[in-house]
Structure formats: structure tokens, C-alpha cells
Amino acid sequence: MAGGGTEAFPDLGEHCQNPDCKLLDFLPFTCDGCKLVFCLDHRSYKSHNCPKSDHGSRTVSICETCSIAIETTGFDEEGIKSLLEKHERSGDCDPNKKKKQTCPVKRCREVLTFANNLTCKDCGVKFCLKHRFPTDHVCNKKTITNSGKSSRWNERFMEALSLRNEKGCGRGSSVSSRSPPSVRSF
């Protein structure tokens with residue numbers, strides 16, 4: 001019996017290749033670094049001290065001038081330095097990009113990220129979550145698209161809604177004078 005398993009099923013499962021374990025595992029894991037088979041307890045790179053644990057990893061260096069991430073996978077120290085120098089010589093490295101966009105409301109210093117900003121539907125400016133409503137920032141109320149159509153439609157809708165509320169939601173004064181429906185017995 002070379003692979004593992006039992007007498008009835010000799011091809012079922014494999015032994016953990018950690019020298020201290022040798023557990024017969026029926027759902028073994030194959031390490032994508034060293035290509036050896038391990039049990040659940042020894043499947044991670046750290047638990048079996050994999051010599052090729054960084055084979056699929058990526059490394060990134062940050063440009064100190066413009067804060068852009070540059071992939072440096074597979075490069076040594078000198079290669080990384082030359083990549084950063086090449087980036088600085090190119091037209092892509094702009095020191096103005098380093099400054100993060102902040103909320104435009106006076107005295108608000110919230111840095112706007114992809115997750116904490118919203119664009120005002122009235123003025124089209126990005127604000128932090130605290131100042132997202134037109135009442136919370138000085139809104140110029142310039143509608144971005146279809147400015148005439150969308151505002152007229154909203155006005156007409158609000159007018160119709162107020163008229164509807166005055167009439168009691170479509171119920172006239174005849175509601176109270178109606179008799180309840182009769183129940184027929186069969």
C-alpha cells in the first residue's frame with residue numbers, strides 16, 4: 001500500500017507528508033508551492049514550513065512622489081530602485097496626485113475614498129457622507145442632466161400628490177354615507 005487508503009479501498013486518501021504527522025487523510029490538500037500532500041492541520045505554508053511559500057505572491061512598491069503603487073514582483077532591491085527611477089522619469093509621476101481629495105465643505109477635512117463619498121444629484125459635486133444632503137452643504141441646485149424635464153416632472157408630481165392628499169386619497173365625502181356591503185348566506 002503506497003498511497004494510503006484501506007484494504008477495501010487502497011486508492012482512497014493519502015498520508016500527510018509532514019514528517020511528524022503521517023495522518024491518513026481522505027480529503028488531502030496539495031500545496032501549490034511545494035506540491036506535497038498535507039492534512040487539514042498542515043495545509044498552510046506556515047504550518048509545514050513551505051520553502052516555496054512566496055511563489056505566487058505579488059509585491060508592490062509605493063512611489064514617494066505621487067503615491068502610486070508599482071508592481072515589483074520578481075525584482076531584487078536594485079531592480080525595484082531602477083523601476084521607481086524609471087517611473088519618476090516617465091510622465092506618469094505627478095506630485096499633485098499625492099494629495100488626497102477631501103470634502104469641499106468648509107472646515108470638513110474628511111478624505112474622500114471610493115466607499116465614503118456621494119455625488120449630489122442637484123449640484124454634481126462629491127461630498128463625504130456627513131454632507132451628502134443638499135441641506136448639509138451649500139448646494140447650487142444645478143441639475144446635471146435633463147435639468148428642465150426632471151425638475152418640471154418633480155414639480156408636477158408633488159402638485160398631484162398634494163391635490164390627492166386634499167381629496168383624502170381619492171375618497172370623497174360619499175364614503176361615510178355608504179352602507180357596508182351586505183353578506184349573503186347560501
Side-chain angles (χ1 to χ4, degrees), residues 1-137 139 144-145:
M1 231 187 312
T6 61
E7 289 181 19
F9 301 101
D11 296 331
L12 185 64
E14 291 190 49
H15 288 279
C16 177
Q17 293 184 337
N18 188 325
D20 298 330
C21 183
K22 302 290 185 191
L23 175 73
L24 177 61
D25 197 339
F26 295 108
L27 294 171
F29 295 90
T30 304
C31 176
D32 57 349
C34 61
K35 307 294 185 212
L36 297 176
V37 176
F38 297 99
C39 65
L40 179 66
D41 295 335
H42 298 108
R43 68 182 174 163
S44 68
Y45 295 132
K46 190 175 184 179
S47 64
H48 70 268
N49 297 325
C50 185
K52 298 180 181 179
S53 62
D54 63 344
H55 84 286
S57 63
R58 298 170 67 185
T59 56
V60 175
S61 293
I62 307 296
C63 175
E64 291 181 18
T65 308
C66 64
S67 299
I68 290 180
I70 301 168
E71 185 172 357
T72 56
T73 305
F75 290 96
D76 59 351
E77 296 271 334
E78 292 176 21
I80 292 171
K81 286 180 185 176
S82 66
L83 266 178
L84 289 172
E85 288 171 4
K86 182 180 175 184
H87 166 71
E88 287 177 9
R89 285 190 304 262
S90 73
D92 296 335
C93 190
D94 184 12
N96 295 330
K97 291 181 183 178
K98 188 169 187 167
K99 187 178 179 190
K100 304 285 185 187
Q101 186 179 5
T102 58
C103 180
V105 174
K106 194 173 187 177
R107 295 191 185 118
C108 181
R109 295 185 179 175
E110 184 75 27
V111 175
L112 300 179
T113 64
F114 74 96
N116 77 339
N117 75 68
L118 286 165
T119 304
C120 177
K121 291 179 182 177
D122 293 333
C123 62
V125 179
K126 287 185 180 182
F127 294 97
C128 69
L129 296 177
K130 292 177 193 172
H131 301 109
R132 67 185 178 266
F133 298 114
T135 56
D136 296 332
H137 64 270
C139 189
I144 302 163
T145 57

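Not measured: the values here are computed from a predicted model. One-based numbering along the sequence shown.
The CG atom of N116 sits 10.0 Å away from the NZ atom of K130 when rounded to the nearest 0.5 Å. For the atom pair C120 SG and K126 NZ, the distance stands at 13.5 Å (nearest 0.5 Å). How far NE2 of H42 is from SG of C21: 5.0 Å, rounded to the nearest 0.5 Å. Expressed to the nearest 0.5 Å, how far CG of N117 lies from CG of L129 amounts to 7.5 Å.
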Name each donor-acceptor pair under 3.5 Å that joins a side chain in residues 77-86 to protein atoms two or more places apart or in another chain, with its distance.
{"residue": "S82", "atom": "OG", "partner": "E78", "partner atom": "O", "Å": "3.4"}
{"residue": "S82", "atom": "OG", "partner": "G79", "partner atom": "O", "Å": "2.8"}

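Shown here for C39 and L23, the closest heavy-atom pair between the two residues is CB-CD2, 4.0 Å. The two residues C63 and C93 have their closest heavy-atom pair at SG-SG, 3.7 Å. Between F127 and H137, the shortest heavy-atom contact is CZ-CD2, 3.2 Å. Shown here for L27 and D25, the closest heavy-atom pair between the two residues is N-OD1, 3.0 Å.
Residues passing the side-chain contact (heavy atoms from CB on, under 4.5 Å) test with T30, sequence neighbours excluded: V37. Residues forming a ring pair (Phe, Tyr, Trp, His ring centres under 6.0 Å) with H131 (at least two apart in sequence, or on another chain): none.
Looking at C31 and H48, their side chains come closer than 4.5 Å, going by heavy atoms from C-beta outward.
Around the NZ atom of K22, the shell of radius 6.0 Å holds more than 12 heavy atoms that belong to other residues, nucleotides or ligands.
No side-chain donor-acceptor contact under 3.5 Å links N18 to the backbone of F38.
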